[in-house]
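Note sheet for the following structure.
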Amino acid sequence: MIGKIRTLRIAAMTVAAILCAPGDASASDDDERAYAAAAEHFQQARWKQAAEAFEHYLGEAPEHAWVEQARFYRAESLLRDGRPAEAAEAFATFLQHEPSSALRGVALFRAGEAHYLADRRDEARRRLEQALAADPAAPTTPRAWFYLGDLAAVDEDFATAATAMSIVAAACPDDPRHAKAVLGRARAELQLGNLAAAAAAARPLTFGPLSEADIESSIEASLLAAEAEVLLKHDDEAAAVLRRAAAARPDDLRIVDVLSALGKLESRRGRHQAALDAFEQIERRFPQHPRCYAALYDAAWELQELRRPADAERKWVVLCETYESCPLYADAAYRLAEAAMRRGDHEAAYRRACEAAKVAGAELSPHVLLLQGQAAAELERWPEADAALAKLEIEHRHDGVTPIASFWRAEIPFRRGDYESAVARFQAIVKSSSPVIAPSLPTAWLRLAQAQAERREWPEVLAAAREAKARFPQFEQAYELDYLRGRAHAARAEMLEARAAYGDVLSDARSRGTETAALARFMIAETYFHQRNFEAAATAFTRVGGEGTPVDLQAAALLQAGKCQEHLGRAADALSQYDRILKDFATSPYAAEAAGRRTEAARAADASQRK
């Protein structure tokens with residue numbers, strides 16, 4: 001309900017009039033004194049004592065001349081003492097016993113007000129409507145309409161609410177209730193979808209001189225008018241209303257809501273610098289405001305939109321360090337974890353994710369647990385990684401990110417070298433029909449084939465690689481599947497098929513400059529070597545090198561090329577290959593073998609020269 005309106009100051013019968021009213025000649029002095037004592041308490045605003053004294057009087061002198069007034073003022077004392085439920089019953093008693101009283105209209109109104117304050121809506125409405133019917137021109141009429149309007153709004157009867165508040169606003173232009181009535185009407189019009197009417201109703205409160213009592217209504221009216229203008233697609237007008245409100249009361253704490261609404265409006269319009277300015281005004285002007293953390297958070301997102309991620313991170317850091325108990329702490333810590341993960345700082349990512357996990361709500365928790373598990377996996381903290389991902393699967397089994405957690409739970413044993421578990425888990429994943437896991441399915445198939453290759457399950461490798469290539473022809477790492485096919489064929493001594501598969505790797509433009517392409521070149525040479533076609537092998541080994549080729553692989557290719565030359569009886573050419581290893585790759589693990597073979601090759605070369 002719209003605030004608790006000040007209780008009515010009864011004008012129909014003052015306490016002085018009560019005390020001076022003619023008494024009953026048959027009344028005892030004790031009755032006179034009892035009534036006078038009750039009236040004195042009322043006059044001195046001692047409401048509790050007044051209620052008790054009037055009740056005592058009524059019990060002792062039920063036939064006294066002033067019983068009518070005593071019943072009324074007992075109810076009034078209870079209401080003013082903040083006991084609306086008891087007051088409502090007391091007014092009902094008065095109305096029952098005094099149906100023809102001159103105070104009946106006021107009593108009906110006060111009974112309705114008492115029920116209103118006790119949150120008894122149906123009874124409040126009944127009594128207030130009775131009061132209006134009893135005397136439509138009574139001084140209490142505007143307030144009765146105000147209460148009826150508020151009750152209608154609570155019951156979502158916005159048409160009645162708008163009508164009632166319009167009556168109050170027209171009847172009380174100089175009354176303290178006027179601003180609240182205008183605002184109530186505007187709010188009802190907005191709920192009815194009468195956007196232009198809502199904006200027009202609220203607009204007078206958004207500018208011009210206002211009393212201190214109206215300032216709160218003015219700020220709410222500015223927010224309401226801006227909302228209506230936005231719905232009317234009048235964004236410029238909405239922004240103007242909010243800017244005017246922010247400028248009118250620059251030091252008022254309630255302007256935080258105005259600046260926040262302005263920032264969100266500008267952000268929605270894509271004016272991220274203007275939005276940032278609004279949020280940072282809150283930071284600068286109201287640093288002690290209890291919701292300053294929200295401005296920090298929103299400012300961070302605007303900085304992200306402005307492509308200033310480092311500045312955004314600084315905002316989130318301040319939020320986490322200053323407002324540990326705020327509702328946005330978990331989300332800010334999660335954003336910091338995401339940022340750390342993107343730049344490869346897995347330690348910081350894991351730490352922030354752990355902080356977020358402690359307080360994350362049901363909506364954020366799955367994302368936090370996933371990131372926590374991923375960061376732990378990158379740090380090779382396998383138990384922590386599996387624990388976070390298992391918790392995600394158990395506690396959030398129906399969440400959209402859970403299938404991704406399942407992927408990472410398969411990835412962990414793969415990275416640990418537990419290929420049996422990895423095969424089992426990836427086999428389950430590739431059978432998944434979840435749309436969330438769909439983007440990861442090609443990688444899951446690749447991991448399955450790789451794990452099977454580590455277990456030397458070559459028929460299974462060939463089957464998985466073929467199916468994956470058929471299902472995902474646009475897979476960016478399809479060449480990795482071709483490389484596995486080559487390994488499988490080579491292991492089965494199917495050298496022609498192996499060379500064809502390795503050739504597919506090299507013909508895929510996406511493999512250019514990768515280590516896999518370099519390995520494919522090396523393995524093509526190896527197939528010739530195992531077929532004892534040393535001439536072709538020597539030529540192929542000399543082609544291993546260039547971009548993406550690891551140093552040790554270059555050394556291995558030179559070593560194998562040297563061996564081919566030895567098999568071909570070309571000791572001098574073999575010696576040249578070994579010398580190159582010792583010169584350019586002296587720290588390679590192949591250098592020792594090259595040195596040994598160089599000695600033999602040198603002897604062979606000398607012997608050949610002597611011949």
Side-chain angles (χ1 to χ4, degrees), residues 370 373-374 377 385-386 389 392-393 397 399-524 526-527 530 548:
L370 178 61
Q374 291 171 324
D386 195 62
L389 297 168
L392 195 166
E393 285 188 318
R397 64 180 60 191
D399 192 89
V401 303
T402 301
I404 303 174
S406 300
F407 177 92
W408 273 88
R409 289 200 75 196
E411 180 74 3
I412 288 170
F414 179 85
R415 295 191 184 190
R416 294 179 67 179
D418 180 2
Y419 298 113
E420 182 178 1
S421 297
V423 165
R425 289 186 177 181
F426 279 119
Q427 282 177 330
I429 290 170
V430 297
K431 296 175 183 176
S432 172
S433 59
S434 168
V436 178
I437 200 65
S440 300
L441 277 178
T443 304
W445 275 102
L446 173 59
R447 281 289 192 256
L448 174 61
Q450 288 172 328
Q452 290 168 332
E454 293 297 332
R455 290 174 55 77
R456 300 184 180 281
E457 298 172 347
W458 302 119
E460 289 81 359
V461 170
L462 288 171
R466 288 185 185 121
E467 183 166 356
K469 285 207 69 177
R471 291 180 61 180
F472 310 106
Q474 303 304 315
F475 180 35
E476 285 294 320
Q477 291 182 285
Y479 59 87
E480 296 283 1
L481 294 165
D482 291 327
Y483 180 77
L484 290 170
R485 286 174 45 235
R487 284 186 60 194
H489 284 304
R492 291 154 58 101
E494 297 166 352
M495 299 305 171
L496 287 175
E497 292 84 349
R499 278 197 293 275
Y502 292 135
D504 288 341
V505 174
L506 298 176
S507 63
D508 190 331
R510 293 168 295 193
S511 76
R512 193 166 300 148
T514 66
E515 182 177 342
T516 302
L519 285 168
R521 289 191 184 89
F522 183 90
M523 296 305 294
I524 287 173
E526 283 287 290
T527 62
H530 286 293

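Numbering of residues begins at 1 and proceeds along the displayed sequence.
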Atom pair [atom1] ([X]) and [atom2] ([Y]), whose distance is rounded to the nearest 0.5 Å:
X: L481; Y: L462; atom1: CG; atom2: CG; result: 11.5 Å
X: M495; Y: M523; atom1: CE; atom2: CE; result: 8.5 Å
X: K469; Y: R485; atom1: NZ; atom2: CZ; result: 5.5 Å
X: D482; Y: S511; atom1: CG; atom2: OG; result: 9.0 Å

Would you check, one step at a time, whether the test side chain to side chain contact (heavy atoms under 4.5 Å, CB included) holds for V436 with I404?
-> CA-CA 7 Å; V436 178; I404 303 174; 4.0 Å; yes
Side-chain polar contacts of residues 472-480 - donor-acceptor pairs under 3.5 angstrom, sequence neighbours left out - could you list them?
from: E480; atom 1: OE1; to: T516; atom 2: OG1; distance (Å): 3.2
from: E480; atom 1: OE2; to: T516; atom 2: OG1; distance (Å): 2.7

Throw together a table of side-chain donor-acceptor distances under 3.5 angstrom for residues 422-431, partners on residues two or more places apart or in other chains.
from: R425; atom 1: NH1; to: R409; atom 2: O; distance (Å): 2.5

Just distance, no hydrogens or angles: give the donor-acceptor pairs under 3.5 Å from side chains in residues 439-455, sequence neighbours left out.
from: R447; atom 1: NE; to: E411; atom 2: OE1; distance (Å): 2.7
from: R447; atom 1: NE; to: E411; atom 2: OE2; distance (Å): 3.2
from: R447; atom 1: NH1; to: Q450; atom 2: OE1; distance (Å): 2.8
from: R447; atom 1: NH2; to: E411; atom 2: OE2; distance (Å): 2.8
from: R455; atom 1: NE; to: E457; atom 2: OE2; distance (Å): 2.8
from: R455; atom 1: NH2; to: E457; atom 2: OE2; distance (Å): 3.3

Mind listing the closest non-hydrogen atom pair of [X] and [Y] along with its distance?
X: V505; Y: A517; result: CG1-CA, 4.2 Å
X: T527; Y: A498; result: CG2-CB, 4.1 Å
X: E393; Y: S406; result: OE2-OG, 2.5 Å

What pairs with R466 under salt bridge (charged side-chain N to carboxylate O under 4.0 Å, His left out), at least two apart in sequence or on another chain?
-> none
Using a distance-only test with no angle check, is there a side-chain donor-acceptor pair under 3.5 angstrom linking S421 and D418?
->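 Checked: S421/D418 side chains pair up, N/O donor to acceptor below 3.5 Å.
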Heavy atoms from other residues, nucleotides or ligands near CZ of R512 exceed 12 (cutoff 6.0 Å) =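 Atom CZ in R512 is not packed in, count stays at 12 or less.
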Any pair counted as ring pair (Phe, Tyr, Trp, His ring centres under 6.0 Å), so long as it reaches residues 450-470, sequence neighbours left out | none
Looking at residues at least two apart in the chain, or sitting in another chain, which of them share a side chain to side chain contact (heavy atoms under 4.5 Å, CB included) with A385?
->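 Residues passing side chain to side chain contact (heavy atoms under 4.5 Å, CB included) with A385: A376, A377, I412.
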